[in-house]
Amino acid sequence: MNRRPTLVAALTLTATAALTLSACGSDGRSEGKDNDKRAGADTGSEASPPPTASDPASAGRPKIDLPSDVTYEFEWKETGDARKDAVFHDAEQRIRAVDMAIAEQDPLDKAYRFYSEGTAAAESQKYIQEFVDHKARTTGLTRYYNESLTIKDDGTAALVYCEDQSKAFNKFLKTGKTDVTPVTKDSYVVYAGTLRKNDKGVWVTERLISQRGSAKCRH
């Protein structure tokens, strides 16, 4: 299976069962089968510039170092709206931070917890632990696209986006073997998340669900 060991792949959708995709402004699909992978994605036609927050900076942002074989195409477009662009940036950093924790085999890594709180943080910890248990990590290229973002009156942000995992796989640490799997409709995942700006000025992900095989992501 692309990107994740079989057991790990079943975790993401159970993360926040109370949050529906329609509540986040998606096409109204309910949560799909728990045959999902991960928690994070992007969209757009032009790749976003490299995030400056990958280096220690304001708000004490953690440095994110990933293996050279873990790469991304974030196609989320810059909106020109400072708040929305900040949401996209911090959502991207959370995605990278989760993969770094997986690569470092550290379920309590501070970086992903810097960019997530509540249910999203707790489920990310469980998710990372599954990779540790399998002695595996991610490898390859992941693409993020078809983003939709709304900042609500209560100050929270509802973010929906797609992830293309067709060129991303699982790499097992003991053998160094990469589990290259065929591309299927389940290689495409839609995510719906809720983010909130904390007292450090960081848009943290509080809730996140996903649905594998979404038609809106298969292009």
Side-chain angles (χ1 to χ4, degrees), residues 3-5 7-16 19 24 36-42 48 50-72 74 76 86-144 147 156-157 159-161 163 165 168 170-171 173 189 191-210:
R3 230 21 220 289
R4 305 291 184 250
L7 181 59
V8 177
L11 295 180
T12 305
L13 198 57
T14 64
T16 52
L19 177 64
C24 285
D36 286 47
K37 295 180 184 177
R38 137 177 195 171
D42 303 40
S48 58
T52 55
S54 59
D55 298 317
S58 61
R61 292 174 182 271
K63 185 173 182 179
I64 298 175
D65 285 322
L66 287 158
S68 60
D69 62 331
V70 178
T71 58
Y72 309 90
F74 284 94
W76 292 336
V87 172
F88 285 129
H89 178 274
D90 289 348
E92 176 179 332
Q93 291 302 94
R94 184 198 58 79
I95 292 168
R96 295 176 183 270
V98 169
D99 278 343
M100 183 177 75
I102 291 170
E104 296 183 350
Q105 300 282 279
D106 183 0
L108 295 176
D109 188 80
K110 67 179 182 179
Y112 82 84
R113 291 186 290 135
F114 185 87
Y115 290 104
S116 59
E117 295 179 0
T119 305
E123 292 300 326
S124 290
Q125 179 179 338
K126 294 177 184 178
Y127 176 62
I128 296 162
Q129 183 64 55
E130 290 291 336
F131 279 91
V132 175
D133 292 345
H134 284 82
K135 294 181 174 57
R137 68 168 177 86
T138 60
T139 186
L141 171 67
T142 312
R143 172 179 165 241
Y144 298 98
E147 76 280 10
T156 62
L159 176 61
V160 177
Y161 57 90
E163 180 186 46
Q165 300 177 348
N170 304 314
K171 183 174 183 177
L173 302 179
V189 188
Y191 293 88
T194 299
L195 299 90
R196 175 185 56 81
K197 191 174 182 180
N198 66 15
D199 56 7
K200 294 181 180 180
V202 177
W203 285 92
V204 294
T205 298
E206 295 185 314
R207 295 180 292 176
L208 189 70
I209 61 170
S210 62

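Scope of the values below: all heavy atoms of this structure, side chains included, with no hydrogens, waters or symmetry mates.
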Q: Go through the steps for Ile102 and Tyr127 under the test side-chain contact (heavy atoms from CB on, under 4.5 Å), then give the verdict.
A: CA-CA 9 Å; Ile102 291 170; Tyr127 176 62; 4.1 Å; yes

Q: Check step by step if side-chain contact (heavy atoms from CB on, under 4.5 Å) holds for Phe74 and Ile95.
A: CA-CA 11 Å; Phe74 284 94; Ile95 292 168; 3.8 Å; yes

Q.
Is there a side-chain contact (heavy atoms from CB on, under 4.5 Å) between Asp99 and Leu66? Walk through the geometry before answering.
A. CA-CA 7 Å; Asp99 278 343; Leu66 287 158; 3.9 Å; yes

Q: Determine, stepwise, if the pair Ile64 / Gln93 fulfils side-chain contact (heavy atoms from CB on, under 4.5 Å).
A: CA-CA 8 Å; Ile64 298 175; Gln93 291 302 94; 3.5 Å; yes

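Put simply, the side chain of Thr119 does not reach to within 4.5 Å of the side chain of Glu206, judged on heavy atoms. Within the 4.5 Å cutoff, no side-chain heavy atoms of Ile209 are placed close to those of Tyr191.
Between atom CG of residue Leu108 and atom OG of residue Ser124 there is a gap of 12.0 Å, rounded to the nearest 0.5 Å.
Between Arg96 and Glu92 there is a salt bridge, with a side-chain nitrogen of the basic residue lying less than 4.0 Å from a carboxylate oxygen of the acidic one.
Not counting sequence neighbours, Arg113 has no partner by the salt bridge (charged side-chain N to carboxylate O under 4.0 Å, His left out) test. Looking at residues two or more places apart in sequence or on another chain, you find a side chain to side chain donor-acceptor pair (under 3.5 Å) between Thr205 and Arg94. For the side chain to side chain donor-acceptor pair (under 3.5 Å) test, no residue two or more places apart in sequence or in another chain qualifies with Gln125. Asp69 is linked by a salt bridge (charged side-chain N to carboxylate O under 4.0 Å, His left out) to Arg137, Lys171, counting only residues two or more places apart in sequence or in another chain. For Ala101, the side-chain contact (heavy atoms from CB on, under 4.5 Å) test picks out Asp109, Tyr112, Ile128, with sequence neighbours left out.
Checked by atom type, the side-chain pair Tyr115/Arg61 shows a donor-acceptor distance below 3.5 Å.
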